[in-house]
Each structure stands twice: as structure tokens, then as C-alpha cells.
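Note: hydrogens, waters and symmetry copies are ignored here, and every other heavy atom, side chains too, is used. What you see is a predicted model, and the numbers here were worked out from it, not measured in a lab. Within every chain, numbering begins at 1; the chains are lettered A, B, ... in the order of the sequence lines, protein sequences first and strands thereafter.
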Protein chains: 2
Amino acid sequence: MEAYESEAWDAIGDPTRRAIMTCLAGQELAVGELADELPVSRPAVSQHLKVLKNAGLVAERTAGTRRIYRLNPAGVAALREQLETFWNRALTGYRKVAEDRNSRTRNTTDEQPKEEE
Amino acid sequence: MEAYESEAWDAIGDPTRRAIMTCLAGQELAVGELADELPVSRPAVSQHLKVLKNAGLVAERTAGTRRIYRLNPAGVAALREQLETFWNRALTGYRKVAEDRNSRTRNTTDEQPKEEE
DNA sequence: CCTATCCGTAAGTATACGCTTACCGTTCGT
DNA sequence: ACGAACGGTAAGCGTATACTTACGGATAGG
């Protein structure tokens, strides 16, 4: 999270927007189709798509009256790279902590990782 | 975003929490130290740390009156894996779209990826 | 031209959320 | 025992946000 004020990270902080991205990961979809798959109104989907588009995570094309949305791979790749950078940095920091803790008493709570799924 | 209702993804949707994680990626820190580095009050930091802890992204140990927080590598790794899975899936979907579009007329808007940093 | 479909956007609303100050329990040093 | 430092939590507050309905422009078919 180097760019911790990043629009894209803000964007995926919302569960409905993550759901939209999950739908689009499978295939491109029109707004109405997305709305059919989600428990929110179509205008809500439009608003979310606008956020995602502004964050560079999705792109659109028009087909008649329809707007077809798809993921923007570059945007998703950027997220991935940022998380990777962060992860590498965290590993370095973690090793440092482990070394420090080899030489002193500690009182540790909540050591167990909490699984996300 | 397979687990799109995931607490951890919700958690990092907030810029202050991302900032906290960035600080902790460098080294473990006490609450007060974190508060010194961020433009929010110490109780605000506590509240954010609680969210991060419940999401499995940080862990704590006590040292006297101090609570020292650090990143939880397992939690961060889980995010990374989920994003990786999502990315692979998106790539598959993207290839499918590219194939579909080779055989039909399209009208594309906003094709350019928007850089995050 | 008329009608239907699609979808962006405006406006409104409820509420979640991120912030603050205040309080109080815990720990430690004197 | 007392005071200082630390930090969790309660309570309050302002506002951003995610939702809704309504409106209207664009497109396409008859």
C-alpha cells in the first residue's frame, strides 16, 4: 500500500464493487446483466461502475444502447504489483522482528493467523 | 475477490488503515508511535487496529503498558493469493473477450489503462 | 414517427463510518 | 501509595457513501 491514497484500493474496499469485478473476471457484461446478477438496482451498478472506471479497474464499450463493461487488466495488474511490493517489504520487516525477538523476552497475544476463508 | 465479502478487503479499503499497514510493513510499532506518524488521534488508530486485527491483517503483543502491533504475514499472504487467483481468472476472461472481438465490429471507449501511480 | 429498451445522472435518504474528546483500567517507576 | 504513561472503549458528531426512485437522452425496430 505504497500509494495508500489510491483510488483503486478505495474502490475495492466496497463489497458490491468487488462482486462486480468478480462477475467481470468471468466475462464482459452489460450494465443490466450485472444488475441481474447482483442484489442492487441497476443505477447502483452504474454508479459503482463509474467508480471502478475512474479507478482504472474496468473499461467499457458501447453496443447500441448497451454499455458493455470488462476488467481492465492493466489496472488489476497494478494492484497486484503494489501488493507484491508491499508483501516483499513486509517480509523484510517480519524477518527483522523475528531476529529482534530472538534476543529478548516477549509476551505475545493473538499469534495465530486468522484465515480469510 | 473470490471472497468478495471478506473482512480483510473491506479493511484495506480505508486509506488510514492502509497507511497503518504501510508503517507496520517497515517494523512493528506501538499504538502511540503509529499515532505520532499519522494525522489522526491515538484512539482513532486503536479503532483501526482493532479492525485490522479482526481481519487477521495485524497481530499484537503487550510490553508493559504498551501494545506493539505488527503485520500478520498469513493475513497479507491470503490477500495476495486471492488477488493472484482473481488475476489468473481475469486473464482467462480477457483472452476470451479478445478472441470474441476479433470477429466482430466494436466501438470502444476508454481503452487506455489509467495508471495508479 | 412511435414505442421499447438501455443506461447515465440527479436528487433524496438512511446509515455506516471515521473522526473526536472523555473516561478508566493497567502497568511501571519513585 | 501516588503519579505518569499507555491504550481500549464509550459516546457523540459530521459527513461520505451506498442505496433508492425518477427523469431523460440515445439507440433500434416496426
Before accepting this row, confirm whether a basic side-chain N of the pair A/Arg70/A/Glu60 lies closer than 4.0 Å to the acidic partner's carboxylate O.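 Here A/Arg70 does not pair with A/Glu60 in a salt bridge, since their nearest N and O are not under 4.0 Å apart.
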By the 4.0 Å heavy-atom rule, please label B/Arg42 as base, sugar-phosphate, or nothing. base
Pairs in or reaching into residues 72-82 of chain B: which pass salt bridge (Lys or Arg N to Asp or Glu O under 4.0 Å), with residues at least two apart or in two chains?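 Listed by first then second residue: A/Glu84-B/Arg80.
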Strictly distance-based, threshold 3.5 Å: is any side-chain N or O of A/Asn72 a donor or acceptor partner for the main-chain N or O of A/Gly56?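 Judged by distance alone, yes, a pair lies under 3.5 Å.
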Would you say B/Ser6's side chain and B/Ala8's backbone share a donor-acceptor pair under 3.5 angstrom? yes
Compare all side-chain heavy atoms of B/Trp87 with those of A/Leu71 and state whether any distance is below 4.5 angstrom. no
Compare all side-chain heavy atoms of B/Val51 with those of B/Arg17 and state whether any distance is below 4.5 angstrom.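 Side-chain contact under 4.5 Å: yes.
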Report the distance from atom CG of A/Leu29 to atom CD1 of A/Ile68, rounding to the nearest 0.5 Å.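 Separation between the atoms: 8.0 Å.
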Enumerate donor-acceptor pairs with a distance under 3.5 Å from any side-chain N or O in residues 32-47 of chain A to protein atoms, sequence neighbours excluded.
| residue | atom | partner | partner atom | Å |
| --- | --- | --- | --- | --- |
| A/Glu33 | OE1 | A/Ala30 | N | 2.8 |
| A/Glu33 | OE2 | A/Arg66 | NH2 | 3.2 |
| A/Ser41 | OG | A/Ala44 | N | 3.3 |

Closest-nucleotide 5' rank along DNA chain D - winner of A/Gly13 and A/Gly64: A/Gly13
Nearest nucleotide by nearest heavy atom, which residue falls closer to the 5' end of DNA chain D, A/Thr65 or A/Pro43?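 It is A/Pro43 whose nearest nucleotide is closer to the 5' end.
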Heavy-atom nearest nucleotide on DNA chain C taken for A/Val31 and for B/Val40; more 5' hit belongs to A/Val31
Along DNA chain D, 5' to 3', what are the outermost nucleotides having an atom less than 4.0 Å from a heavy atom of chain A? D/dA18 to D/dA28
Just the endpoints, please: which first and last nucleotides of DNA chain C, 5' to 3', lie under 4.0 Å from a heavy atom of chain A? C/dT5 to C/dA11
